[in-house]
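These figures come from a predicted structure and were not determined experimentally.
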Amino acid sequence: MRQGAERSRLDQTAIAVSTYLARWHQAFAVTPGGAGPVVELWFDRGEERPLCERVRLPRRLDAGALRVASLYLAALINNKLCVWGARRVSLVADEASLAKELLQRVSSALLYRGELFSDLTPLFILALIEQCHGAPLVLDTDPKQAARLAALAAAPQAPVAPLPPLGRHTVVAVNIGQHKTGWGLVVLDGAGGYDLSRTGRRETWPCAASRCLPELADALLAEIAQALGPLPSETAALCLSLANPVVGGQARGVPTVGMCASCTPEAAADLDQALRRAAARHFPGLAFFLVNDAAAQGLFTSRFGEAEPDGPGFASRLLSVRFGACPSVSYIDAGGRNCDRLNEYPWLVTTVHANRHDEALFATISRYLSFYGFGSIAEELGLLDTYGIEQNAAAAFFYELYTEGSEAQWRDAVKIYRVLGAHLAMLAYEIQRDTPVSRVTLLGSRANHLDAQVFGPIWDGFAGFIDRYSLPFADLAFDLAEDVSDKAG
């Protein structure tokens, strides 16, 4: 990978037809000598450090340029909210009238027509933000608010202290996924190793059960406690990972979505307490720790993966990706921790479809970096029709073509894997813009047929996208960790 090359700048015609948000970032970057107006987006995160995005607009702001600029600003806001969360966003410019015009356009794209913004509507993110902050998201053009946040952002920041090495502990580990729930007894040996025993697995939802985890939690943990049997006296904690938002250590249930798809608003709001009641009842005396399943994946990969440690027993600045029903993405910071932020990466938009009238304006990483991504890529390349297969069969089908097919079939499979690698590069760039990424680890999966045999073209696509668009990475590593997705959850 050639890295650190000077970023190219696009004219506005190229922006309008570009399908990659990475190129839009380059085109709207604030660089010395620019002539167009600068717009700032300030994100108020309550007690957390505020964030800012600065964007330079074209010098000539005709109707077409305003449309493109407002779409870009809406994408920036969406992506910041997905990763960091915020209770208020202030859009400011030297000309107040320009700020108000842009805000009206951004609001229309992001809020009032949210179902057409991307293939995963931002309405879920907005509901989650309202839960976390106790009020709906506010968008405004208040320069005084922006100045207040700028002063807070300028304050010195304490350095990140690394987590200490893991000691010797015995814990119960449970992962409640959208489809499967698994458990086991984990003994950490204090020397960087672990032993896993008493493992079990079941369907998360019984056939007759509605998808409302608060109503299922007690019976589910009761069954797991019975399956594990009497625990060793030294067992200290129940560590539960959840395929659901966990923000600030609390599970956040959003009605009609995921684990709370069939919940009433009252039941969804009870998710965190329902889990804690069930844990206290069926695992009495144990400390209780709750994390998102992607966060658990990242911690496992950082501590027990194949990356060379650069902290006391962990790899830092690590982005790990696992393909599930939606992307499972985790970022580990310089201290070996998951950043305490919203971390709803599946809602990140990276691909632009603004010139297509038959679909949403943007595509999220979920469209490409999940079990269904193989089918989505094959469909866009016309290969589903060529081979007459269904989307859900694409992962296994193209793996077989790559490993056992003819030369022509092999070339078609290579196309799939290279495009997949390019989308991994787009994801890495979105995270890199806020937090430095030193390593990207793709977690192999037998279910998704991701292993060392097909990693070569994935790597080629990843490196090729970075080189082609001169993305500003330095010494970036990209590797595959095989057969860890089951453990990492």
- Query: Between Trp410 and Leu401, does a side chain to side chain contact (heavy atoms under 4.5 Å, CB included) hold up when you go through it step by step?
  - Reply: CA-CA 6 Å; Trp410 177 85; Leu401 292 194; over 6 Å; no

In plain terms, say whether [X] and [Y] are close enough for a salt bridge, that is, a side-chain N and a carboxylate O under 4.0 Å apart.
X	Y	answer
Asp451	Arg446	no
Asp272	Arg252	no
Arg439	Glu308	no
Asp333	Arg317	no

- Just say parallel, tilted or perpendicular for the rings of Tyr20 and Phe465, cut-offs at 30° and 60°. perpendicular

- Quick one: sort the Tyr368 and His423 rings into parallel, tilted or perpendicular, breaks at 30° and 60°. parallel

Using modelled atom types and a 3.5 Å cut-off, is there a donor and acceptor pairing between side-chain atoms of [X] and backbone atoms of [Y]?
X	Y	result
Thr386	Gly382	yes
Glu48	Arg45	no
Arg418	Pro457	no
Thr350	Leu427	no
Thr435	Gln432	no
Asn448	Gly444	no
Asn292	Asn244	yes
Asp119	Thr364	yes
Trp205	Gln178	yes
Gln409	Glu404	no

[Y] and [X], any side-chain heavy atoms less than 4.5 Å apart:
X	Y	answer
Leu21	Met426	no
Val329	Leu348	no
Pro327	Ser366	yes
Trp24	Ser18	yes

- Start with the C-alpha distance between Glu101 and Leu66, add both sets of side-chain angles, then the distance that settles side chain to side chain contact (heavy atoms under 4.5 Å, CB included), and finish with yes or no. CA-CA 9 Å; Glu101 168 77 3; Leu66 276 171; 4.1 Å; yes

What do you reckon, is [atom1] of [X] surrounded by more than 12 foreign heavy atoms closer than 6.0 Å?
X	atom1	value
Glu130	CD	yes
Asp62	CG	yes
Arg49	CZ	yes

Nearest 0.5 angstrom please: [X] [atom1] to [Y] [atom2], how far?
X	Y	atom1	atom2	result
Asp293	Ile176	CG	CD1	10.5 Å
Leu383	Ile389	CG	CD1	8.0 Å
Ile431	Arg433	CD1	CZ	10.5 Å
Leu120	Arg367	CG	CZ	10.5 Å
Phe374	Leu369	CZ	CG	9.5 Å
Glu430	Cys82	CD	SG	10.0 Å

- Among Asp467, Leu476, Leu420, side-chain contact (heavy atoms from CB on, under 4.5 Å) partner for Phe462: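 Only match with Phe462 under side-chain contact (heavy atoms from CB on, under 4.5 Å): Leu476.
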
- Per the side-chain contact (heavy atoms from CB on, under 4.5 Å) rule, which among Val30, Leu41, Val39 passes with Arg54?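 It is Val30; the other options fail the test.
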
Can you tell me if [X] and [Y] form a side-chain donor-acceptor pair at under 3.5 Å?
X	Y	value
Asn338	Ser330	yes
Gln145	Asp140	no
Glu40	Trp42	yes
Ser320	Gln297	yes
Asp412	Tyr402	no
Tyr399	Gln453	yes

- Message: Taking the ring of Phe455 and the ring of Phe478, is the distance between their centroids below 6.0 Å?
- Response: yes

- Message: Please report whether the ring centroid of His25 lies less than 6.0 Å from that of Tyr72.
- Response: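 Here the rings of His25 and Tyr72 have centres that are less than 6.0 Å from each other.
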
- State which residues pass side chain to side chain donor-acceptor pair (under 3.5 Å) with Trp84; sequence neighbours excluded, sorted by chain then number.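 So Trp84 forms a side chain to side chain donor-acceptor pair (under 3.5 Å) with Asp434.
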
- For Lys100, enumerate each residue passing the side chain to side chain donor-acceptor pair (under 3.5 Å) test, keeping only those at least two apart in sequence or located in another chain.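 Partners of Lys100 by the side chain to side chain donor-acceptor pair (under 3.5 Å) criterion come out as none, since no residue qualifies.
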
- For Cys263, check disulfide bond (SG atoms under 2.5 Å apart) against everything at least two apart and list the hits. Cys212

